[in-house]
Amino acid sequence: MLGCPRMSQKKRYWLFKSEPSVFSWSDLESAPQQTTYWEGVRNYQARNTLRDDVAVGDEVFFYHSQEKAIVGVCKVTRSGYPDHTAFDSKNKYYDPKSKKESPTWYMVDIQLKKALNRPATLEELKPIAKLKPMKLLQKGMRLSVQPVTESEWQTILKLTN
DNA sequence: GCCAACGTTGGC
DNA sequence: GCCAACGTTGGC
């Protein structure tokens with residue numbers, strides 16, 4: 001669409017972390033249309049990314065926190081919209097501060113694209129010189145939604161090929 | 001399982 | 001608006 005600034009932008013790459021005991025790659029495999037909304041992000045920086053930067057067509061590394069490995073690739077099928085789990089008092093992600101008129105928290109939808117041939121572990125990524133600046137590998141980095149550069153993306157894909 | 005590094009909350 | 005207290009994450 002002309003005139004829509006984000007539309008004309010190049011595809012971007014992201015990494016989403018998930019606790020496999022909460023929501024795993026295999027949960028995504030068995031989800032309807034292998035699609036899920038990315039609920040429960042309760043960190044402002046990650047929220048800003050979901051709300052403002054993640055766009056339809058972008059690609060996402062799915063990272064298992066416990067396993068400490070990237071396990072698959074997804075694509076974004078819906079860009080930022082209010083995280084409805086924050087409105088539900090029975091939901092574990094309930095946040096009374098977030099109002100429907102002015103939502104605090106946002107989510108996107110992602111769809112499974114393909115599993116990596118094998119998981120790319122944090123351990124093996126760390127010594128790779130090209131990946132040294134990668135957000136995931138920085139000390140104290142706990143962001144659950146983070147950008148990945150195209151070169152980092154390609155390096156990791158090549159590694160697991 | 002411990003503890004350092006963060007982010008958030010709340011008292012002042 | 002500062003900062004101590006607290007909760008959570010993640011490296012080891």
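Bear in mind the structure is a predicted one, so any value in this text is a computation, not a measurement. Throughout, protein chains are lettered first and strands after them, A, B, ... in sequence-line order, and every chain is numbered starting at 1.
Remark: C1' of dT9(C) and CG of N43(A) are 11 Å apart, rounded to the nearest angstrom. The interatomic distance linking L137(A) (CG) with dG11(C) (C1') rounds to 13 Å, in whole Å. For the pair H64(A) NE2 and dT9(C) P, the interatomic distance rounds to 16 Å; values are reported in whole Å. For the pair Y63(A) OH and dT9(C) C1', the interatomic distance rounds to 11 Å; values are reported in whole Å. Between W105(A) atom CH2 and dG7(B) atom P there is a gap of 13 Å when expressed in whole angstrom units. Per the geometry, CE belonging to M141(A) stands 15 Å off P belonging to dT9(C), to the nearest Å. Per the geometry, CD belonging to Q66(A) stands 11 Å off C1' belonging to dG10(C), to the nearest Å. If you measure from atom CZ of R142(A) to atom C1' of dT8(C), you get 6 Å, rounded to the nearest angstrom.
Proximity of the aromatic rings of W105(A) and Y44(A) is defined here by a centroid distance below 6.0 angstrom, and this criterion is met.
Comparing dG11(C), dC6(B), dT8(B) by their closest approach to the side chain of Y44(A) singles out dT8(B). Considering only side-chain atoms of K68(A), the nucleotide from dA5(B), dG7(B), dG11(C) that sits closest is dG11(C). For S65(A), taking side-chain heavy atoms from C-beta onward, the closest of the listed nucleotides dG11(C), dG10(C), dG7(B) is dG10(C).
Under the 4.0 Å criterion applied to side-chain N and carboxylate O atoms, K113(A) and E59(A) are assigned as salt-bridge partners.
Clustering of Ile, Leu, Val, Met, Phe, Trp and Tyr by side-chain heavy atoms under 4.5 Å joins I128(A) with Y13(A), L15(A), F61(A), Y63(A), I70(A), V73(A), L116(A), L122(A), L125(A), L131(A), M134(A), L136(A), L137(A), V148(A), W153(A), I156(A), L157(A), L159(A).
Distances shown here put every side-chain N or O of K139(A) at or beyond 4.0 Å from the OP1 or OP2 atom of dC12(C). Residue K17(A) has a polar side-chain atom (N or O) positioned under 4.0 Å from OP1 or OP2 of dG10(C). Contact check, K97(A) against dT9(B): a side-chain N or O comes under 4.0 Å of OP1 or OP2.
With hydrogens and angles left out, the side-chain atoms of Y37(A) and D83(A) include no donor and acceptor closer than 3.5 Å.
Relative ring orientation between F62(A) and W38(A) is described as perpendicular, the plane-to-plane angle rising above 60° on a 0-90° scale split at 30° and 60°.
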